**Q** 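Quick one: structure below, then a few questions.
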2 protein chains.
Amino acid sequence: MTTAGSARRLSRDDWLDAAMTAMAHGGVRGIRVEPLAKAMRTSKGSFYWHFRDRADLVRATLERWEQLETDRVIEVVESTTHPRERLRRLLAIAHRQDPERPDPSVALTGDHDDPVRVVLERVTARRIGFVAEQLMALGIAPEEAARRATLAYTSYLGYAALVRSAPGVLPADQAVRRYIETVLTVLVSTTTEHRRDG
Amino acid sequence: MTTAGSARRLSRDDWLDAAMTAMAHGGVRGIRVEPLAKAMRTSKGSFYWHFRDRADLVRATLERWEQLETDRVIEVVESTTHPRERLRRLLAIAHRQDPERPDPSVALTGDHDDPVRVVLERVTARRIGFVAEQLMALGIAPEEAARRATLAYTSYLGYAALVRSAPGVLPADQAVRRYIETVLTVLVSTTTEHRRDG
DNA sequence: TAAAATCCATACGCAACCGTATGGAGCCTC
DNA sequence: GAGGCTCCATACGGTTGCGTATGGATTTTA
């Protein structure tokens with residue numbers, strides 16, 4: 001009976017897995033030890049053996065999150081060579097409507113004490129920086145690229161917020177692809193206009 | 001001694017004012033009756049006289065929020081005739097970095113029971129709709145306008161999230177104006193390219 | 001197998017909130 | 001000026017979560 005469901009001993013990693021899932025739903029503040037223990041069918045006694053306190057768990061979870069949702073995503077995307085394709089691929093990943101995704105809720109829930117903010121600031125800067133690099137590779141001037149990267153990234157965050165709070169207004173599954181094309185096109189547009197309007 | 005600070009009788013509106021301020025900081029879940037009472041130097045007894053329960057307060061606060069931050073903003077912006085100027089003005093209002101602003105935190109905190117979601121969905125649809133109208137007035141086809149309006153609005157939400165969680169990565173005060181120009185330009189860009197890249 | 005190290009369950013105290021119950025102040029009216 | 005209405009303070013019970021204490025179970029080591 002060494003089945004997974006049985007009363008096995010738990011590792012620190014088991015707790016981290018659970019914390020990631022919890023963070024996907026409720027953000028950082030969704031990481032609560034008593035509900036976590038209940039979900040894992042164990043007790044707080046286990047938790048406080050593996051972790052000093054809740055802050056310890058939060059910090060460790062954020063480390064893993066950074067590694068998984070930033071380092072690894074960037075690695076994957078960089079396996080494509082063409083900058084425009086990289087962006088397209090990145091946008092596709094970013095707009096996958098998956099409420100199980102731990103990523104955006106981190107940036108979206110708004111309490112955030114200092115330790116959390118530090119990680120968030122670092123991750124955000126890296127992400128926007130990566131997008132800006134691709135835009136520069138496409139011939140956009142550095143400062144303009146930075147602005148457009150910020151536009152792209154904030155849009156990603158807001159999109160994720162709407163997935164949770166008002167999914168009805170977002171493009172339906174089939175239309176997401178078209179939406180991404182619009183974002184991409186607009187991001188790399190050469191602004192040759194200033195045309196008259198209606 | 002009818003001074004404001006004295007032990008006056010409170011009205012329902014006084015509670016709503018306080019709730020709006022609380023919502024500005026912690027979103028819907030930041031509306032908590034005991035802390036509110038303490039901040040107003042009164043007791044829960046007062047609250048439960050004016051309101052049935054917390055949900056009652058939340059609903060009323062969201063009504064006021066909708067009226068103030070959607071109806072009135074649209075009114076103000078519509079006093080400008082030129083669609084492009086309307087957008088510019090709207091973007092300027094949207095990107096005022098004011099943590100006291102109750103608006104975005106509503107959409108950003110992710111718990112949201114059904115009643116809240118209803119209001120949120122309605123407000124979001126109206127706002128995106130308004131932006132789309134301006135883009136259509138600028139000659140952009142309806143469906144494309146809807147996509148770009150979504151891009152604009154999600155970007156606004158994400159921007160507001162970063163103001164709270166990672167302000168360091170955002171353009172500094174002086175550069176915000178330039179950022180807004182980029183957003184505006186890109187939003188109304190005629191996509192005449194597909195040019196070769198680096 | 002006995003001792004030691006790991007790992008976990010239960011019980012406890014503490015704090016923040018929600019909602020209710022109850023006993024008033026203060027004002028209004030007749 | 002007595003009774004009634006409006007508004008509020010305090011006290012209480014219930015819930016959820018954090019962190020500690022303590023003993024017991026299980027595995028490892030000697």
Side-chain angles (χ1 to χ4, degrees), chain A residues 1-62 105 109-116, chain B residues 1-19 21-23 25-62 105 109-116:
Chain A
M1 292 293 175
T2 27
T3 330
S6 290
R8 268 196 60 261
R9 308 282 266 242
L10 296 172
S11 70
R12 204 178 147 94
D13 265 2
D14 291 326
W15 282 97
L16 282 177
D17 288 342
M20 284 286 280
T21 304
M23 193 168 73
H25 291 94
V28 170
R29 105 177 77 206
I31 305 177
R32 284 166 302 183
V33 348
E34 281 184 346
L36 242 49
K38 189 171 297 181
M40 302 172 69
R41 314 171 116 262
T42 182
S43 68
K44 299 195 296 180
S46 171
F47 174 79
Y48 284 99
W49 173 260
H50 295 286
F51 296 87
R52 195 178 184 286
D53 54 15
R54 182 180 169 277
D56 188 18
L57 174 63
V58 168
R59 195 179 26 70
T61 307
L62 284 177
S105 24
T109 53
D111 44 348
H112 296 331
D113 44 3
D114 279 358
V116 174
Chain B
M1 293 294 175
T2 26
T3 331
S6 290
R8 267 197 60 259
R9 308 283 265 244
L10 296 172
S11 70
R12 204 178 148 93
D13 265 2
D14 291 326
W15 282 96
L16 283 178
D17 287 343
T21 305
M23 193 168 74
H25 290 93
V28 170
R29 104 177 79 206
I31 305 178
R32 284 166 302 183
V33 349
E34 280 183 345
L36 243 49
K38 188 172 299 181
M40 301 172 69
R41 315 171 117 260
T42 180
S43 68
K44 300 197 294 182
S46 172
F47 174 79
Y48 284 98
W49 173 259
H50 294 287
F51 296 87
R52 194 176 184 285
D53 54 15
R54 181 180 169 276
D56 187 19
L57 173 63
V58 168
R59 196 178 27 68
T61 307
L62 284 177
S105 25
T109 55
D111 43 349
H112 295 333
D113 45 1
D114 279 358
V116 173

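Note that the structure is a prediction, hence the values are computed from the model and not measured. We name chains A, B, ... by the order of the sequence lines, and we start the count at 1 in each one.
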**Q** Considering all heavy atoms of both residues, which atom of B:Arg54 and which atom of B:Ile31 are nearest to each other, and what is their separation?
**A** NE-O, 2.7 Å
**Q** Between C:dC8 atom C1' and A:Met40 atom CE, what is the distance in whole Å?
**A** 12 Å
**Q** Ignoring hydrogens and geometry beyond distance, is the side chain of A:Arg32 in donor-acceptor contact with the base of D:dT16 at under 3.5 Å?
**A** no
**Q** Take the protein atom CZ of A:Phe47 and the nucleotide atom P of C:dA9, then report the distance between them rounded to whole Å.
**A** 14 Å
**Q** With the side chain counted from C-beta on, respond yes when A:Phe47 and A:Met40 share a heavy-atom pair under 4.5 Å apart, and no when they do not.
**A** no
**Q** Give the rounded distance in Å between these two atoms: NZ of B:Lys44 and P of D:dT10.
**A**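 B:Lys44 atom NZ is separated from D:dT10 atom P by 12 Å.
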**Q** Roughly how many Å is it from OH in B:Tyr48 to P in C:dA21, rounded to a whole number?
**A**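 After rounding, the reported distance stands at 12 Å.
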**Q** From the options D:dA9, C:dC8, D:dT6, select the nucleotide whose nearest atom is closest to the side chain of B:Ser46.
**A**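 Looking only at side-chain atoms, B:Ser46 lies closest to D:dA9.
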**Q** Would you kindly give the CZ-to-C1' distance between A:Arg12 and C:dC8, to the nearest whole Å?
**A**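 Taking atom C1' of C:dC8 as the reference, CZ of A:Arg12 is at 17 Å.
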**Q** Rounded to the nearest Å, what distance is computed from the CG atom of residue A:Asp13 to the P atom of nucleotide C:dC7?
**A**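 Roughly 13 Å, once rounded to whole Å.
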**Q** So which atom in B:Leu10 and which in B:His50 form the shortest heavy-atom distance, rounded to 0.1 Å?
**A** O-NE2, 3.0 Å
**Q** Between the base of D:dT27 and the side chain of A:Arg9, is there a donor and acceptor pair under 3.5 angstrom?
**A**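 When only heavy-atom distances are counted, A:Arg9 does not reach the base of D:dT27 through any donor-acceptor pair under 3.5 Å.
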**Q** Do any side-chain nitrogens or oxygens of A:His50 fall under 4.0 Å of OP1 or OP2 in C:dC8?
**A**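 So the side chain of A:His50 is within the cut-off, an N or O lying under 4.0 Å from OP1 or OP2 of C:dC8.
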**Q** Find the distance A:Asp14:CG to C:dC7:C1' and express it as a whole number of Å.
**A** 13 Å
**Q** Quick check: do A:Val33 and A:Tyr48 have side-chain heavy atoms less than 4.5 Å from each other?
**A** yes
**Q** Which residue lies toward the 5' end of DNA chain C, A:Glu34 or A:Ser43, if each is placed at its nearest nucleotide?
**A** A:Ser43
**Q** Starting from P on D:dG14, measure out to CZ on B:Arg54 and report it in whole angstrom.
**A**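 It works out to 22 Å between those atoms.
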**Q** Report yes if at least one side-chain N or O of B:Thr42 is closer than 4.0 Å to OP1 or OP2 of D:dA9; otherwise report no.
**A**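 So the side chain of B:Thr42 is within the cut-off, an N or O lying under 4.0 Å from OP1 or OP2 of D:dA9.
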**Q** Within the side chain of B:Asp14, is there an N or O that forms a donor-acceptor pair under 3.5 Å with the backbone of B:Ser11?
**A** yes
